[in-house]
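Step one of this worksheet: look at the structure below.
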There are 2 protein chains.
Amino acid sequence: MKTGRPRGFCVENALDRAMDVFWRKGYQGASLSDLTEAMGINAPSLYACFDNKEGLFRAVLDRYEAAGKGFLQEVLDAPTSRASAEIFLKGVAARATDPDNHPPGCLLLQSGLAGEDQRIPNELARHRAEKELALRERFACARREGDLPQSADPAALARYLVTVANGMCVQASAGAQAEELQMVAGLALAAWPTSETAKRGKKEKHKADADG
Amino acid sequence: MKTGRPRGFCVENALDRAMDVFWRKGYQGASLSDLTEAMGINAPSLYACFDNKEGLFRAVLDRYEAAGKGFLQEVLDAPTSRASAEIFLKGVAARATDPDNHPPGCLLLQSGLAGEDQRIPNELARHRAEKELALRERFACARREGDLPQSADPAALARYLVTVANGMCVQASAGAQAEELQMVAGLALAAWPTSETAKRGKKEKHKADADG
DNA sequence: GTACATATGTAGCAAGCGGTACAAAAAATG
DNA sequence: CATTTTTTGTACCGCTTGCTACATATGTAC
């Protein structure tokens, strides 16, 4: 058994409180006093557990990513690339405007696009890029399987989706409503390329209409 | 003639230097020392001219908006809504990745989505919303004139465009290349609704093909 | 019990923050 | 010339920042 005085607070609860502060105020805007007050602990406890402010932030980031892992998997597991795109965009729209749970927007953007040094912005960009990569591989696979036309560019499609998603998060942080973002998601999906088989289907239907 | 010792620096040059600092470091991340050093002046000169840090930032914002006014007008003056959308998205892609002139991304996002108090984020959101409004009115006009189908929603289309634009700026700040964003713009434009006349034109062409 | 290991609260550190007091400097006005 | 008005550089203010020294509290191991 581990010896020593036991920790007097729940790490996960504390991380959730800290996440809320970083989310609302950004990395730089969140002061140690803000954080310790929200977490209900004193500075030495924070430093003993997370080393420093950046360590705390990275722990928050890990927890954030863990919480979003299920959603990403749901997106990747969708039967078609089109379904993946739809679940992704509509899910982001819903999650970015979820009234309880979290502030509007996305922690990966709110906490800092820019900073006195670039380390945190870079870290956040890395996390975002990971998801873009996952989508790209999903779509590359879809193209190999004929679910996407050969003319489709998996990298471009993935980039397009995360671009729209990031934009929706910006809109959400500025007060956009869930329904408004759902409409954006719907519009964005209209750009999705039609698969070869679907194209053929359409052509045949047209031909049938003309013949009939 | 105005009496007193003349100002020893060019206000517009100083604002450009300050803009660069705010752009790269964000509002909070830009310290007074950073700003005065970049502007080549001492603190008292800054305070005499711009009141305080927030005053300087608002002056920078005004200058930023003035510089972008021509581009916005070009977008609104385009002959069709579709052309407006294309000029807008491709222009944003180009401007967000312009290597000289400015850091990558967009000042209205880089300088702060979140902050210790919400005043700057709100101000930035207001500026972004202004452009969305201008686009909405452009598209509402286009619908009245038959350039957009009656089924099209001008507000949704405007929101969609600024969402994609904001997303592209996020991508640019994370290092995305100009060509990559141009592809995103191209994809996003594929979602643009077809006008009634264009639809009719297509149908007639199909009919002609079938007839021929 | 005693010894040890870890966590906690108080109190405070050096450094940097946004902002300013003050006197010298540089122009127009008479 | 002296006067007035504004800007400039130096030097500094009070405050907050991220962070820590230190003594005490609270657990396990023996």
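Below, read A as the first sequence line, B as the second, and so on, with proteins coming before strands; counting in each chain starts at 1.
One atom, CG of A:L32, and another, P of C:dG12, lie 19 Å apart when rounded to the nearest Å. Between A:I41 atom CD1 and D:dA25 atom C1' there is a gap of 17 Å when expressed in whole angstrom units. A:D117 has its CG atom 14 Å from the P atom of D:dG18, to the nearest Å. When rounded to the nearest whole Å, the span between CE of B:M39 and C1' of D:dT7 equals 15 Å. Here the C1' atom of nucleotide D:dT16 and the CG atom of A:D34 are 11 Å apart, to the nearest Å. Rounding to whole angstrom units, NZ of residue B:K53 and P of C:dT20 are separated by 14 Å. With rounding to whole Å, B:E116 atom CD is found 13 Å from C:dC17 atom P. Regarding A:E37, its CD atom lies at a distance of 15 Å from the C1' atom of D:dT16, rounded to whole Å.
B:Y27 carries B:K53 over the face of its six-membered ring, with the cationic atom under 6.0 Å from the centre and within 45° of the normal. Geometrically, B:R7 engages B:F9 in a cation-pi contact, judged by NZ or CZ lying under 6.0 Å from the ring centre and within 45° of the ring axis. Taking the centre and axis of the six-membered ring of A:F88, the NZ or CZ atom of A:K131 falls outside the cone set by 45° and 6.0 Å.
The residue among A:A30 and B:L46 whose nearest nucleotide of DNA chain D lies closer to the 5′ end is B:L46. For B:A43 and B:S31, each mapped to the nucleotide of DNA chain C holding its nearest heavy atom, the one lying further toward the 5' end belongs to B:S31.
Aromatic pair A:F139/A:W192: ring centres closer than 6.0 Å.
Taking 4.5 Å as the limit, some side-chain heavy atom of A:D153 sits within range of a side-chain heavy atom of B:M183.
For the OP1/OP2 pair of C:dC17 and a distance below 4.0 Å, the side-chain nitrogens and oxygens of B:S33 include at least one atom meeting the criterion. The phosphate of C:dG9 has OP1 or OP2 within less than 4.0 Å of a side-chain N or O from A:N42. Considering only side-chain N and O atoms, A:Y47 lies nowhere under 4.0 angstrom from the phosphate OP1 or OP2 of D:dT20.
Looking at heavy-atom distances under 4.0 Å, B:A48 makes no contact with the nucleic acid at all.
Among all heavy-atom pairs drawn from B:L187 and A:A191, the shortest one is O-CB, 3.1 Å. The minimum heavy-atom distance linking A:T97 with A:A176 is given by the pair CG2-O, 3.7 Å.
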Which protein N or O atoms sit under 3.5 Å from an N or O of nucleotides 25-28 of chain C?
unit_1, atom_1, unit_2, atom_2, d
C:dA25, N3, B:R5, NH1, 3.3

